[in-house]
Amino acid sequence: GPWGAHTGLIDWCESNYAVSEYVAEWWNTISCVSYLLAAVPFLSPPGDELWLTLFALFVIMTGMMSAVFHATLWWWGQKLDETFENAALIALLHPSLTRLDAIPCIARILMHGVLAGT
């Protein structure tokens with residue numbers, strides 16, 4: 001492909017460059033839009049919920065870095081994808097260990113499937 005050697009440690013079952021000569025894994029790349037759509041409602045939480053804003057930003061970054069990885073199959077794209085996945089989980093789980101009032105909100109997020117792709 002045009003992005004050079006595939007240095008990522010994973011090459012999913014999707015045929016590379018089957019749909020576009022510029023995107024290695026077309027459907028995996030396109031599906032990353034779902035991260036953005038799922039996170040946007042949590043960008044402006046009511047009150048002083050910094051953890052929820054951070055969680056949303058990390059989910060957005062996961063989607064963006066996942067798209068870079070699936071489009072190029074570069075190692076650094078894969079690592080940034082995984083890094084933001086972990087950051088999103090930490091941002092989500094930290095308040096559950098430090099604040100009892102955050103647990104219902106976390107339960108709603110999980111029920112709505114925000115983490116379905118991470």
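- E85 contributes no side-chain N or O that, together with a main-chain N or O of T62, makes up a donor-acceptor pair within less than 3.5 Å.
- Listed here is the closest heavy atom pair of C32 and A67: SG-N, 3.4 Å.
- N16 is linked by a side-chain hydrogen bond (donor to acceptor under 3.5 Å, both in side chains) to D11, counting only residues two or more places apart in sequence or in another chain.
- Residue V33 shares its hydrophobic cluster (ILVMFWY side chains chained together at separations under 4.5 Å) with L37.
- No chain of hydrophobic side-chain contacts below 4.5 Å, direct or via other Ile, Leu, Val, Met, Phe, Trp or Tyr residues, connects F69 to M61.
- Linking ILVMFWY residues whenever their side-chain heavy atoms come closer than 4.5 Å, directly or via other members, leaves M65 and I90 in distinct clusters.
- Under a 3.5 Å cut-off, the side chain of W74 and the backbone N or O of W3 do form a donor-acceptor pair.
- Remark: I60 pairs with L36, A39, L43, M64 by the side chain to side chain contact (heavy atoms under 4.5 Å, CB included) rule, at least two apart or across chains.
- In terms of heavy-atom proximity, T29 sits nearest to A71 at OG1-N, 3.3 Å.
- Checked against salt bridge (Lys or Arg N to Asp or Glu O under 4.0 Å), E82 has the following partners two or more places apart in sequence or in another chain: K79.
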Quiz: residues 17-25 side-chain donor-acceptor pairs under 3.5 angstrom, not counting sequence neighbours:
unit_1	atom_1	unit_2	atom_2	d
Y17	OH	H6	NE2	3.4
S20	OG	Y22	N	3.1
E25	OE1	N28	ND2	3.3
E25	OE1	H70	ND1	2.5
E25	OE2	W12	N	3.0

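- In this structure, Y35 OH and D81 CG are separated by 6.5 Å, a value rounded to the nearest 0.5 Å.
- The CG atom of L93 sits 9.5 Å away from atom CH2 of W51, with the distance rounded to the nearest 0.5 Å.
- You'll find the side chain of F55 stays beyond 4.5 Å of the side chain of L89, heavy atoms only.
- The aromatic rings of F84 and F58 sit tilted, their planes meeting at an angle between 30° and 60°.
- Hydrophobic clustering (side-chain heavy atoms under 4.5 Å, transitive across Ile, Leu, Val, Met, Phe, Trp, Tyr) keeps I10 apart from W76.
- W75 is linked by a ring pair (Phe, Tyr, Trp, His ring centres under 6.0 Å) to nothing, counting only residues two or more places apart in sequence or in another chain.
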